[in-house]
Amino acid sequence: MRRITTIALCLAGLAVAGCETMRGAGRDMQTAGHLLSEQAESSQVQMGQAPSAAPATPYMPPADPAIPY
């Protein structure tokens, strides 16, 4: 019984660590995207072109709940 408990605790710890790792990876990707966008705008300004305007309203998912089949 003790062995099963130990294995279960280890698996639970790995699951929590995995979620945190994926969350961190998502943040890193988002930061990289922002930096890339800033560099692209900076390059356009240096080339004498006006930077492209950001969309007026960013995409927002529909507020209606999903209708089950």
Side-chain angles (χ1 to χ4, degrees):
M1 183 68 176
R2 183 180 170 130
R3 186 176 185 153
I4 292 174
T5 304
T6 303
I7 291 173
L9 288 174
C10 288
L11 290 175
L14 287 173
V16 170
C19 291
E20 287 298 316
T21 302
M22 291 303 294
R23 183 178 294 159
R27 287 185 196 138
D28 291 344
M29 294 292 284
Q30 186 176 19
T31 302
H34 286 294
L35 291 174
L36 184 62
S37 296
E38 289 174 7
Q39 286 295 320
E41 285 181 13
S42 175
S43 295
Q44 286 180 342
V45 169
Q46 289 176 358
M47 291 174 28
Q49 299 174 353
S52 60
T57 54
Y59 172 75
M60 298 295 268
D64 298 333
I67 300 171
Y69 292 106

Legend entry - Interatomic distance, His34 atom NE2 to Met29 atom CE [nearest 0.5 angstrom]: 12.0 Å
Legend entry - Test applied, side chain to side chain contact (heavy atoms under 4.5 Å, CB included); reference residue, Ile7; option that passes from Thr5, Leu11, Leu9: Leu11
Legend entry - Test item: Arg3 and Thr6 side chains (from C-beta on) under 4.5 Å apart, heavy atoms: no
Legend entry - Atom pair CG/CD of Leu35 and Glu38 - distance to nearest 0.5 Å: 5.5 Å
